[in-house]
Amino acid sequence: MLPTKPQKNPDLISHYNNLSTTEKTGPVDSDVVKLKSRIDENRAFLNELKQDSRFQNVLILMCEAAVPEKQLLNFLTGQVSLEECLGENTWMTNVLLNTYSGFEVRWLGRSHFLSQPLANTLSIVFKPGYLESMEKTHSKIGILMEAIEEVSSRRVLNLFKARLQEVNLTGANLNGANLAGADLVGTKLGEANLVNANLTGANLAKAELVGADLTGADCSKANLTKANLKGAKLPGVNLSESILYEAQLTGVDLSKASLIRSDLSRVNLAGANLTEANLTTANLTRANLTGADLPKASLFKANLCEANLTRTDLTKANLAAANLAGAELTKAKLTGVNFTDCNLTAANLSGAYCRSAILNRADLTGSDLAGADLSFASLTDTNLTRANLTGADLGWTSLITANLTNVKLVGAIFTGADLTEMKLSGKDLSHVDFSFANLTRASMDLAKLNEANLSEANLTGAKLMGADLTKAELSGANASHADLRYIQLNADKWLQVKLIGAWSSNPTVWSMRKEQEKQEAFKKYLLLPEITEGITFNESHFPKDLINKIGLDLL
């Protein structure tokens with residue numbers, strides 16, 4: 001309920017209106033003193049208005065839109081109603097009734113905003129010197145100035161649940177404004193200042209926000225479906241549980257932004273900056289993140305199914321338990337990324353840089369890792385069924401209990417990798433580099449290892465029965481207790497291979513094994529391995545009774 005207006009005083013108002021401009025700005029005469037006194041009598045009325053949150057915005061808008069002094073004075077002295085005061089004035093857009101939906105309609109009557117943006121009107125930010133000039137030229141309405149000064153000091157625009165569909169607010173200063181629950185469908189907010197604004201639950205579907213500054217704004221649970229935010233500033237913005245379906249976010253700054261549980265499906269984030277952004281459980285299905293920056297971003301349990309992450313920088317990001325099925329990660333930067341329990345089925349990681357990545361228990365079934373750098377990565381219990389690792393670098397990786405069923409490994413690099421008990425039977429391992437790799441008890445029966453590099457590899461207890469080792473490099477390899485039956489290989493290839501306890505059907509290999517065992521026995525007896533290193537012993541070095549005591553079969 002509005003406070004009761006004071007009685008009209010038409011004679012006094014008429015007298016004031018008839019004063020010349022010089023008289024109005026010159027020395028105060030007795031009639032003007034009477035007028036001032038009359039206005040003072042309205043002080044209580046104005047104080048009541050200032051306490052009404054609905055009226056505060058109107059009071060400021062009246063001043064900012066330069067309502068004629070006569071109309072302001074008539075309103076203050078009760079000559080005209082607020083409806084009449086606003087009804088004759090030319091405002092800026094036709095949305096006042098919708099904007100201030102909290103007002104009673106009778107307050108605004110038939111007033112209209114016409115055409116121009118609300119940039120200055122709604123921003124409640126006065127131009128430098130504006131209040132001072134107002135005080136000089138409108139000295140006869142000091143009470144209004146007092147009210148404006150008090151309210152403007154708050155500098156917060158309350159547009160809670162305002163209806164501003166398709167309004168032109170280009171360049172508007174809405175710093176800190178309350179737009180919670182506001183209807184901004186199709187609204188033009190390009191280059192607008194929305195720093196620290198409250199847009200919780202606001203509907204910004206199809207809104208134009210190109211180049212807008214939303215630094216620190218709260219847009220949680222907001223609807224930004226198909227909104228255009230190209231080049232917008234969004235560092236630290238809260239977009240948790242918001243809807244950004246098919247939104248345009250190319251090149252935006254979303255560093256350290258909160259996007260928890262937000263819907264970013266089919267969103268365009270190409271080239272965007274999402275450094276340290278929180279996208280936990282966010283929906284990024286078929287999103288375009290080409291060339292985007294996401295170092296140290298959290299994508300825990302996020303849905304990136306069929307998302308485009310080509311050349312995306314995800315250095316040290318957390319993608320544990322995320323869904324990347326069918327995702328495009330060609331040449332992506334994935335150094336140190338946590339992919340634990342991640343779904344990467346049918347994902348394309350060809351040429352990706354995954355150095356030191358954690359892929360434990362990840363599902364890479366049918367994925368393409370051709371030419372990818374997985375050096376120093378951890379792939380414990382990883383499922384690589386039908387994966388393509390052609391030419392991939394898995395140097396010094398851990399592949400303990402990884403599943404390599406039907407995997408393509410031609411030309412892959414496993415230098416120093418841990419392949420303990422790996423099942424590689426019958427696989428095409430041509431040109432694969434296993435140098436310094438740990439293949440202890442690995443199953444490689446009937447495997448194609450032609451031109452493979454097994455130098456310095458640990459093949460202790462490995463099963464290589466019937467394997468093709470044509471032109472394979474074996475220098476320094478340890479094949480102790482390995483199954484080497486039915487392997488066709490030139491004798492000189494085994495000269496530098498440790499064969500103690502090896503099982504072979506090749507007479508040459510068998511005789512080499514016996515010789516190595518004899519030498520090991522001699523060295524063990526002498527207990528001076530550092531002195532005897534590199535020396536070849538035979539029976540002439542020891543007395544016959546000592547040889548019999550050692551129990552060597554020297555025949």
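All residue numbers in this chain count up from 1 along the given sequence.
- When side chains are defined from C-beta on, E208 counts as touching N228, because their heavy atoms get closer than 4.5 Å.
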Q: Report the C-alpha distance between N450 and S430 in whole Å, list the side-chain angles of each, state the deciding distance to 0.1 Å, and finish with yes or no for side chain to side chain donor-acceptor pair (under 3.5 Å).
A: CA-CA 5 Å; N450 51 299; S430 304; 2.8 Å; yes
**Q.** Residues E241, R261; criterion salt bridge (Lys or Arg N to Asp or Glu O under 4.0 Å); working and verdict
**A.** CA-CA 5 Å; E241 301 183 65; R261 294 187 297 278; 3.2 Å; yes
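- Counting heavy atoms from C-beta outward, K301 and T280 have side chains that stay 4.5 Å or more apart.
- Contact annotation: the side chain of T397 never approaches that of L359 to less than 4.5 Å [non-hydrogen atoms, C-beta and beyond].
- E306 and R286 are joined by a salt bridge, as a carboxylate oxygen and a charged side-chain nitrogen come within less than 4.0 angstrom of each other.
- Looking at heavy atoms from C-beta onward, L254 lies in side-chain contact with V237 at the 4.5 angstrom threshold.
- The residues D341 and R361 are annotated as salt-bridged, a charged nitrogen and a carboxylate oxygen being separated by less than 4.0 angstrom.
- Between the side chains of Q248 and T250, no donor-acceptor pair is found at a separation under 3.5 Å.
- Checked by atom type and distance alone, the side chain of S505 pairs as donor or acceptor with a backbone atom of Y486 at under 3.5 Å.
- In this structure D293 satisfies the side chain to side chain donor-acceptor pair (under 3.5 Å) test with no other residue, sequence neighbours excluded.
- Looking only at atom types and distance, the side chain of S258 has no donor-acceptor partner in the side chain of N278 under 3.5 Å away.
- No side-chain donor-acceptor contact under 3.5 Å links S425 and S443.
- N360 and T340 form no side-chain donor-acceptor contact under 3.5 Å, judged by distance and modelled atom types alone.
- S298 and N318 share no donor-acceptor pair across their side chains, judged by distance under 3.5 Å alone.
- Annotation: side chain of S504 is not in contact with side chain of I487 (no heavy-atom distance under 4.5 Å).
- With contacts defined as side-chain heavy-atom distances shorter than 4.5 Å, the pair W494/L484 qualifies.
- For the pair D445 (side chain) and M465 (backbone), a donor-acceptor distance under 3.5 Å is present.
- Not one N or O on the side chain of K493 forms a donor-acceptor pair closer than 3.5 Å with the backbone of L474.
- If you check the side chains of N303 and T285, you find a donor sitting under 3.5 Å from an acceptor.
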